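Before any comments, here is the structure.
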Amino acid sequence: MASSRSIQGVEQSENYYHVRYRDPDEFDEIRTPDWAANVAGSVVSDAEVRTGDEHGNEEWTAQSVLVPVDGVDDESEARDAADEIVAKMES
């Protein structure tokens with residue numbers, strides 16, 4: 001699992017902070033795998049990770065992390081949680 005680990009942006013919806021690491025257009029396919037949800041949930045309950053296949057590359061990359069708004073205090077904490085989730089996935 002590779003990641004640039006550089007947050008491109010954070011958008012808040014009613015239920016989630018959507019912490020984006022990579023542009024979705026960079027990927028042929030994006031998935032939200034169960035194993036990644038297990039890792040994410042160990043940091044913030046009900047968090048999810050979207051992973052992508054970069055144009056036929058064998059390695060899946062973290063595209064974005066969805067952090068529930070009721071699981072963190074603010075956008076800054078959502079960013080920190082997303083970084084922790086991606087770091088756990090890479091280890």
Side-chain angles (χ1 to χ4, degrees):
M1 176 72 52
S3 169
S4 65
R5 297 287 303 279
S6 177
I7 296 173
Q8 289 189 347
V10 180
E11 298 172 7
Q12 182 179 353
S13 68
E14 184 177 334
N15 298 317
Y16 290 97
Y17 287 102
H18 187 167
V19 183
R20 189 173 72 181
Y21 289 90
R22 306 286 294 274
D23 186 331
D25 291 338
E26 294 179 26
F27 300 99
D28 287 333
E29 183 178 356
I30 295 177
R31 295 182 185 165
T32 307
D34 290 339
W35 66 266
N38 292 336
V39 173
S42 73
V43 176
V44 177
S45 183
D46 296 324
E48 298 179 8
V49 180
R50 292 183 178 160
T51 62
D53 176 20
E54 290 184 289
H55 307 298
N57 192 352
E58 292 292 318
E59 212 170 304
W60 286 73
T61 304
Q63 186 272 322
S64 62
V65 177
L66 299 173
V67 181
V69 295
D70 59 0
V72 294
D73 291 331
D74 56 25
E75 181 180 310
S76 177
E77 195 171 310
R79 288 172 173 265
D80 291 344
D83 278 343
E84 183 177 346
I85 289 165
V86 172
K88 282 182 112 175
M89 289 176 57
E90 292 176 344
S91 65

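Worth saying up front: this structure is predicted, and the values here are computed from it rather than measured. What you see below is based on every heavy atom in this structure, not just the backbone, and it leaves out hydrogens, waters and symmetry mates.
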Following the transitive rule for hydrophobic clusters with a side-chain heavy-atom cut-off under 4.5 Å over Ile, Leu, Val, Met, Phe, Trp and Tyr, establish whether Ile7 and Val49 coincide in one cluster. yes
I'd like to know if Met89 and Val67 are part of one continuous hydrophobic network [Ile/Leu/Val/Met/Phe/Trp/Tyr, side-chain heavy atoms within less than 4.5 Å]. yes
In Å, rounded to the nearest 0.5 Å, how long is the span from CZ of Arg31 to CZ of Arg50? 14.5 Å
Donor-acceptor pairs are to be reported for all side-chain atoms of residues 69-80 against protein atoms at under 3.5 Å, with residues two or more places apart or in another chain.
residue : atom : partner : partner atom : Å
Asp74   : OD1  : Ser76   : N            : 3.2
Asp74   : OD1  : Glu77   : N            : 2.9
Glu75   : OE2  : Arg79   : NE           : 3.4

Modelled atom types, side-chain donor and acceptor of Asp83 and Tyr21, under 3.5 Å: yes
Between Val65 and Val43, is there shared hydrophobic-cluster membership here, with clusters defined by ILVMFWY side-chain heavy atoms closer than 4.5 Å? yes
Locate the shortest heavy-atom distance separating Ala47 from Ala40; write the atom from each residue and the value. O-CB, 3.6 Å
Within 6.0 Å of CG in Asp46, more than 12 heavy atoms from elsewhere: no
Pairwise distance OG1(Thr51) to CZ(Arg22) - rounded to 0.5 angstrom: 12.0 Å
Count I, L, V, M, F, W, Y as connected when their side-chain heavy atoms are under 4.5 Å apart, and connections chain through other members. Are Leu66 and Val19 then in the same cluster? no
For residues Asp53 and Trp60, determine if any side-chain heavy atom of one lies less than 4.5 Å from a side-chain heavy atom of the other. yes
